[in-house]
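Each remark here refers to the structure printed beneath this line.
This one's a predicted model, so the numbers in the text were calculated from it and none came from an experiment. So that the names make sense, note that chain A is the first sequence line, chain B the second, and so on, each numbered from 1.
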Amino acid sequence: MRFHFKTDYDHDIRLFPDWWNFSLYAALLAVMVALPFVISSFYLGEVTNVLIWAIAGLGLMMLTGQTGQVSLGHSAFMAMGCYTCVILMEAGVPFVAAFVLCGIITGVIGALIAIPALKLHGVYLAIATLALAILADDIIVILSPWTGGVNGKFAPDLMIFGYEINRWVNPGAWYYMALVVVLVVTLIYRNILRSPLGRAFAAVRDSEISAQAMGVDIARTKTMAFGISCAITGLGGALMGLFAGAFNNETFNFLLAIQLLMMIVIGGLGFIHGAFLGAIVVAFLPQGLSILTDQMGRGFNIPGLEMGVFGLLLIAFIIFEPHGLYGRWLKLRIWLELFPFARRDLFRRQKSYLKTERLR
Amino acid sequence: MEFMQLLLSGLANGCVYGLVALGFVLIYKATEAVNFAQGDFMMLGAFVMLGLVNPQYMGMNFWLAVPIALLIMGALGYLLDLTVLRHMFGQNQTAIVILTIALGFVIRFVTGAIWGHEPVNLHSPLALGDIRAFGVVLSLADIAVIIVTVIMTMLLWQFFQRTKLGLAMQAASQNQMAAYYMGIPVKRVQGAVWALAGMVACVAGILYASKGSLDISAGFIGIKAFAAAVIGGFGSLPGALMGGLIVGVIEPFAARYLPPGYSQIAPYALLILVLIFRPHGLFAQVRTKKV
């Protein structure tokens, strides 16, 4: 166990608490950079997929994990990011500019949508955003002249400063592009968390009433959370659409939003690591299941198995490990560090009772 | 006449939405949780009934099968509370929202594995005849839906207002700890309300399946029922029925008078408008919490 002797207030908010921690993440980055030289292009594509899911998950994590607002409508913002990016590119905007712009536009629209949604709490917000996700599908069809409607759109060629990035020709380049976006988004995310805004997010999540009493502007904080969250999710959606190559109104349906929410719950709500762990589960679960059913033989090939297993996993996690995979790892680490002094009740959940919000 | 026809078929559809919404409201009133799997409960109830009635399965008499299906769904609801939801006792709403969404996925998977993914028809005596009067055609199922829904809403409403168990449910939701102190077995009461919600879902499922074909995606009408419950105001039983009727009536009129593509949007657009302007529904029960 390492003890941090803090001699400066800045030590509380440093990006990395010590050299050991920094070197761990540096090593992880080195492994990620070396990955294209080690694994085959099929698995490289899968890892790229994980990174893309992680970006979208980070977006939702900002809203749900950090600010405590449940959204079941982030597929709408993924769609918005994707369509904006492709439409801008078709209008002749270079890819890098279009990509950044689509994030900004999605963020601004998300913040605008958040303003009427500010009055809503918990379940009502979840339902409103769910309605938004369902509406997105129909709106894409209505806006056919721009979005291609049911026929969808094909992703144009990606050019970064004259260098072509094609998933089939050079998967490594695609992977590096996703990795760079992940790095930048994670750094931005981490820096927001240690800024006053990030503290305000946590205050709103833990208790809106006490946050208000401490002088946090709830409306502004929630709008910011929505904006930033939608911007990041929009980037994730843009990458997802471009990576898939073709997309239409059904690509980003509301099940995608639910899957995104399930992903961050399984990974661990409120942790950056959670978004990545959840993304790994989401991306590799279908592969793992298909390998498993192949081993069991034809008779076990049940349609819809994937979502069923996903649901069961989620139920198990919410009941037994509400902090997700990363929470489990933290507990394991503390157990190891305290060994042999960890006690069984160390992580017992406090008994709590609900009170209604209704007064009649 | 066309107007009347649209209105009546809309009302019949709206009653099914209202019945599913009743399930939401029941659970919300008694446990302060929102059951996102209520639509899938309904779908499961319909399939249980189908398993009992249809000749290729059990081939039972329809009227005999109704109480059995109700019992099965009630027991399932209670068991679900016992095994899954009781672990979440006292936890916040958000976790329960996610949990019930996951439950919906599991229910859809299990149903698909048992009864298959093809659309099927329930052998229901309600599906046969229809009645023509004043130039309006109404199927027996539509009439049954409207009558049953109105009766159910009245019964449940009175149940919550008058009976001891109903009052205990309200008390358990308002303040769990205080309810304990008053001698209410809160956990058992919550189990009872899940059983009740299972039965209501079963009724909704039987009526839904009598109106047309059934497949495992039928549970997605739960989303429209959500719109109904929110428009009526979560926590109000007559409100849920009203909301269901509003959504049900808007749909056929939107399909008739709006350009294609816009009609599916109507219920959700209404939902969002209600949430913006009257966030707690037309029959609101919420005021700001005081410290």
Side-chain angles (χ1 to χ4, degrees), chain A residues 64 68-70 72 116-117 119-128 130-132 134-135 137-139 141-142 144 149 208-210 213 254 258 261-262 265 269 302-315 317-320 322 349-360, chain B residues 28 31-34 36 84 87-99 101-110 112-113 117 173-178 180 186 216 223 226-227 229-230 234-235 261-262 264-265 267-269 271-272 275-277 279-280 285-291:
Chain A
T64 306
Q69 314 294 312
V70 178
L72 293 172
K119 286 189 277 186
L120 308 174
H121 295 266
V123 172
Y124 288 92
L125 184 66
I127 295 169
L130 181 63
L132 203 64
I134 294 169
L135 280 180
D137 187 332
D138 296 316
I139 290 173
V141 177
I142 289 173
S144 286
E208 240 172 74
I209 293 170
S210 18
F254 74 98
I258 291 176
L261 183 66
M262 291 181 159
V265 171
L269 269 185
I302 311 166
L305 179 68
E306 191 185 310
M307 283 323 258
V309 171
F310 209 50
L312 278 177
L313 254 182
L314 194 65
I315 291 174
F317 265 105
I318 288 185
I319 290 176
F320 299 112
R349 265 199 277 180
Q350 201 179 8
K351 203 163 197 165
S352 58
Y353 296 92
L354 268 185
K355 273 189 199 167
T356 185
E357 307 265 306
R358 294 171 287 135
L359 285 178
R360 242 184 307 166
Chain B
Y28 184 70
T31 71
E32 208 65 12
V34 176
F36 273 68
V84 178
H87 292 279
M88 302 301 296
F89 184 79
Q91 302 295 318
N92 68 353
Q93 290 180 332
T94 316
I96 299 180
V97 166
I98 301 169
L99 182 73
I101 292 174
L103 262 181
F105 277 113
V106 175
I107 291 176
R108 217 168 304 141
F109 164 65
V110 170
H117 294 251
S173 92
Q174 280 182 4
N175 189 333
Q176 288 179 337
M177 194 186 269
Y180 262 129
V186 176
I216 60 160
I223 296 167
F226 258 130
V230 170
F234 257 92
Y262 289 85
Q264 303 101 303
I265 289 183
Y268 305 110
L271 167 67
I272 288 179
L275 278 174
I276 291 171
F277 292 109
H280 299 295
Q285 270 201 323
V286 187
R287 279 177 260 148
T288 318
K289 200 158 140 189
K290 296 193 177 72
V291 184

At a 4.5 Å cut-off on heavy atoms, which part of B:Val84 comes close to chain A: side chain, backbone, both, or neither? both
Chi angles and distances behind the side-chain contact (heavy atoms from CB on, under 4.5 Å) call for B:Ile98, A:Ile318: CA-CA 8 Å; B:Ile98 301 169; A:Ile318 288 185; 3.6 Å; yes
Chain B contact via A:Leu312 - which portion, at a heavy-atom distance below 4.5 Å: both
Does any N or O in the side chain of B:Ser173 come within less than 3.5 Å of the main-chain N or O of B:Thr31, such that one atom is a donor and the other an acceptor? no
Tell me, for A:Phe254 versus chain B, whether the close heavy atoms (under 4.5 Å) come from the side chain, the backbone, both or neither. side chain
Note: vs chain B, highest number of non-hydrogen pairs under 4.5 angstrom among A:Leu313, A:Val70, A:Ile142 is A:Ile142
Check each atom of B:Ile272 against the heavy atoms of chain A and say whether the ones under 4.5 Å are side chain, backbone, both or neither. side chain
Please name the pair of heavy atoms, one in B:Leu271 and one in B:Ala227, separated by the smallest distance, quoted to 0.1 Å. CD1-CA, 3.8 Å
Do A:Met307 and A:Val309 touch side chain to side chain, with heavy atoms closer than 4.5 Å? no
Shortest non-hydrogen contact from B:Met88 to B:Ala95? CE-CB, 3.5 Å
Is B:Leu275 close to chain A through its backbone or its side chain, or both, or neither, when contacts mean heavy atoms under 4.5 Å? both
Only counting residues at least two apart or in another chain, list the ones meeting side chain to side chain contact (heavy atoms under 4.5 Å, CB included) with B:Ile101. A:Leu72, A:Ile258, A:Met262, B:Phe36, B:Val97, B:Phe105
Give the member of A:Ala126, A:Ala131, A:Gly68, A:Ala213 that has the highest number of heavy-atom pairs under 4.5 Å with chain B. A:Ala131
What part of A:Val265 gets within 4.5 angstrom of chain B, counting heavy atoms only: side chain, backbone, both, or neither? side chain
With a 4.5 angstrom heavy-atom cut-off, is it the side chain or the backbone of A:Leu261 that approaches chain B, or both, or neither? side chain
With a 4.5 angstrom heavy-atom cut-off, which part of B:Leu103 approaches chain A: side chain, backbone, both or neither? both
Non-neighbouring partners of A:Ile139 that pass side chain to side chain contact (heavy atoms under 4.5 Å, CB included), sequence neighbours left out: A:Leu135, A:Leu143, B:Ile265
